[in-house]
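Reminder, nothing fancy here: chain letters follow the sequence lines and each chain counts from 1.
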There are 2 protein chains.
Amino acid sequence: MVEAAAQIVEAEGLPALTMRHLADKLGVAVTSIYWHVGNRAALLDQLAARVVAEIGDIHPDGATPAERIVSVASSLRSRLLARPELVWVVHERGRTPAMFQPAQAALAAELGALGLRGRRAATAVQVIQAHVVGSVLLERTVSRSRVDEVTDPAAWGDQPEADREMVEALSGPLDHEAVFRAGLEAIVASLGP
Amino acid sequence: MVEAAAQIVEAEGLPALTMRHLADKLGVAVTSIYWHVGNRAALLDQLAARVVAEIGDIHPDGATPAERIVSVASSLRSRLLARPELVWVVHERGRTPAMFQPAQAALAAELGALGLRGRRAATAVQVIQAHVVGSVLLERTVSRSRVDEVTDPAAWGDQPEADREMVEALSGPLDHEAVFRAGLEAIVASLGP
DNA sequence: ACCTGAACACCGTTCAAGT
DNA sequence: ACCTGAACACCGTTCAAGT
């Protein structure tokens with residue numbers, strides 16, 4: 001039942017998850033769903049709980065603290081990218097902090113190994129988290145938008161002295177992986193002594 | 001009419017913007033709205049266009065390129081934080097790239113002054129943009145969530161060797177401004193020679 | 001040119017009724 | 001314990017009809 005709901009959300013988007021659509025998929029009357037889950041909000045909460053558990057299953061990898069920080073951030077990123085619609089449900093139900101808590105704990109341990117403590121460590125955890133979230137959101141944003149807008153360098157037209165190669169790099173297909181890595185490296189570099 | 005819609009969205013949230021609610025506020029029949037704007041999607045597009053124009057009105061300030069980069073990122077951040085619900089409409093209507101384009105152009109100019117060109121400059125623009133977006137999203141996320149979750153250090157309980165002061169800093173009220181500045185400084189520092 | 005009410009298909013949800 | 005159909009209040013939207 002929750003599984004069927006998850007399939008609908010990931011395949012057709014959250015708006016497609018109507019109680020009637022779900023009932024049809026299960027071959028059951030709409031009202032039967034209410035007996036099992038209460039209502040739509042409760043159903044979304046169960047969906048969110050699943051994703052929170054999945055995303056929270058962190059396994060840091062690497063020989064040094066810096067490598068393990070990159071590892072945690074990278075796997076967090078790829079998991080968020082793998083289930084975008086369900087991650088959105090988590091956010092909408094206000095469970096984002098719970099989803100990120102295990103990654104925060106893992107990052108905290110590595111930052112401690114780097115000698116960072118207290119408020120400085122807490123800030124570093126959040127900077128890394130913001131970078132992961134921001135780059136994932138931008139990557140998803142591009143895939144949502146109309147191509148003619150992302151691709152059209154004409155939007156830069158009123159700046160004649162603009163760097164042509166850069167404009168093209170920002171207008172064409174973006175290298176999200178490179179952006180993610182560059183930002184992460186800058187952050188990790190700032191942590192050192 | 002678009003103004004009334006904007007007020008509803010910012011004050012009561014996007015779900016509260018129903019055609020009937022808007023008609024009531026305007027003292028008019030529901031169907032009259034359709035004559036003016038077509039349908040709900042078109043109304044949201046007009047709303048989005050307004051916000052895109054507002055957010056896009058960038059005025060870099062500062063004596064050095066680095067200072068002006070910080071200025072652009074900071075004013076972008078505060079504008080996004082000032083109208084969260086309407087910014088969300090922009091995102092949902094796929095106009096996020098248009099909303100950020102002027103900031104990208106301003107950042108590009110400053111990066112050029114720092115000697116960055118081509119793909120490297122394009123990546124830097126996106127890293128900065130991701131940082132702004134990520135920190136804004138996290139700040140908004142916290143205000144949405146149940147307090148007991150954000151505040152409860154017990155979630156860290158299974159890690160006895162955890163840094164107490166850091167856990168408290170991550171559990172209590174967060175200093176979003178500090179996170180924003182720390183990340184931005186790390187990124188800007190990575191741009192130099 | 002602008003506004004209206006009636007009507008339609010679609011929502012989430014409740015409830016009494018069945019097995 | 002589990003499922004059902006009928007019914008309700010709410011959506012967005014269309015359309016013929018008014019001024």
Novice: Applying side chain to side chain contact (heavy atoms under 4.5 Å, CB included), name anything that partners B/Ala4, two or more places apart in sequence or on another chain.
Specialist: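 Here the qualifying residues are B/Leu22, B/Lys25, B/Leu26.
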
Novice: With 3.5 Å as the limit, what N/O pairs link the protein to nucleotides 17-19 of chain D?
Specialist:
none

Novice: Identify, with sequence neighbours excluded, every residue that meets side chain to side chain contact (heavy atoms under 4.5 Å, CB included) alongside A/Gln104.
Specialist: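 Per chain and number, A/Gln104 pairs via side chain to side chain contact (heavy atoms under 4.5 Å, CB included) with A/Val125, A/Gln129, B/Trp156, B/Leu170.
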
Novice: Going by ring pair (Phe, Tyr, Trp, His ring centres under 6.0 Å), name the residues that satisfy it together with A/His176, two or more places apart in sequence or in a different chain.
Specialist: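 Checked A/His176 against ring pair (Phe, Tyr, Trp, His ring centres under 6.0 Å); zero matches.
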
Novice: Using a 4.0 Å cut-off on heavy atoms, which residues in residues 5-16 of chain A reach DNA chain D? List them by number, or say none.
Specialist: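 Nucleic-acid contacts, sorted: none.
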
Novice: Considering only residues two or more places apart or on different chains, which pairs with a residue in residues 49-68 of chain B satisfy side-chain hydrogen bond (donor to acceptor under 3.5 Å, both in side chains)?
Specialist: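 Sorted pair list: B/Glu3-B/Arg50, B/Glu54-B/Arg83, B/Asp57-B/His59, B/Arg68-B/Glu110.
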
Novice: Dot-bracket for DNA chain C: what is it, with Watson-Crick or G-U pairs under 3.5 Å, [ ] where a pair crosses earlier ones, and | for a pair to another strand?
Specialist: ||.|||||...|||||.||

Novice: For a quick test of your reading: what N or O donor-acceptor pairs under 3.5 Å do the side chains of residues 114-121 of chain B make, sequence neighbours left out?
Specialist:
unit_1, atom_1, unit_2, atom_2, d
B/Arg117, NH1, B/Gly112, O, 3.4

Novice: Restricting to ring pair (Phe, Tyr, Trp, His ring centres under 6.0 Å), what partner residues turn up for A/Phe100, sequence neighbours left out?
Specialist: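 Residues passing ring pair (Phe, Tyr, Trp, His ring centres under 6.0 Å) with A/Phe100: none at all.
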
Novice: Indicate for each nucleotide in nucleotides 4-15 of chain C, in 5' to 3' sequence, whether protein heavy atoms under 4.0 Å reach the base (B), only the sugar-phosphate (S), or nothing (-).
Specialist: BBB----BBBBB

Novice: Give me the atom names and distance for the closest heavy-atom approach of B/Pro97 to A/Thr141.
Specialist: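 B/Pro97 and A/Thr141 have their closest heavy atoms at CD-CG2, 4.0 Å.
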
Novice: Throw together a table of side-chain donor-acceptor distances under 3.5 angstrom for residues 8-20 of chain A, partners on residues two or more places apart or in other chains.
Specialist:
unit_1, atom_1, unit_2, atom_2, d
A/Glu10, OE1, A/Leu86, N, 3.2
A/Glu10, OE2, A/Glu85, N, 3.4
A/Glu12, OE1, A/His21, NE2, 3.0
A/Glu12, OE2, A/His21, NE2, 3.3
A/Thr18, OG1, A/His21, N, 2.9

Novice: Between B/Phe180 and B/Ser74, what is the shortest heavy-atom contact and its length?
Specialist: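 Here B/Phe180 and B/Ser74 meet closest at CE2-OG, 3.6 Å.
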
Novice: Residues two or more places apart in sequence or in another chain: which of them pass side-chain hydrogen bond (donor to acceptor under 3.5 Å, both in side chains) with B/Ser71?
Specialist: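 Checked B/Ser71 against side-chain hydrogen bond (donor to acceptor under 3.5 Å, both in side chains); zero matches.
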
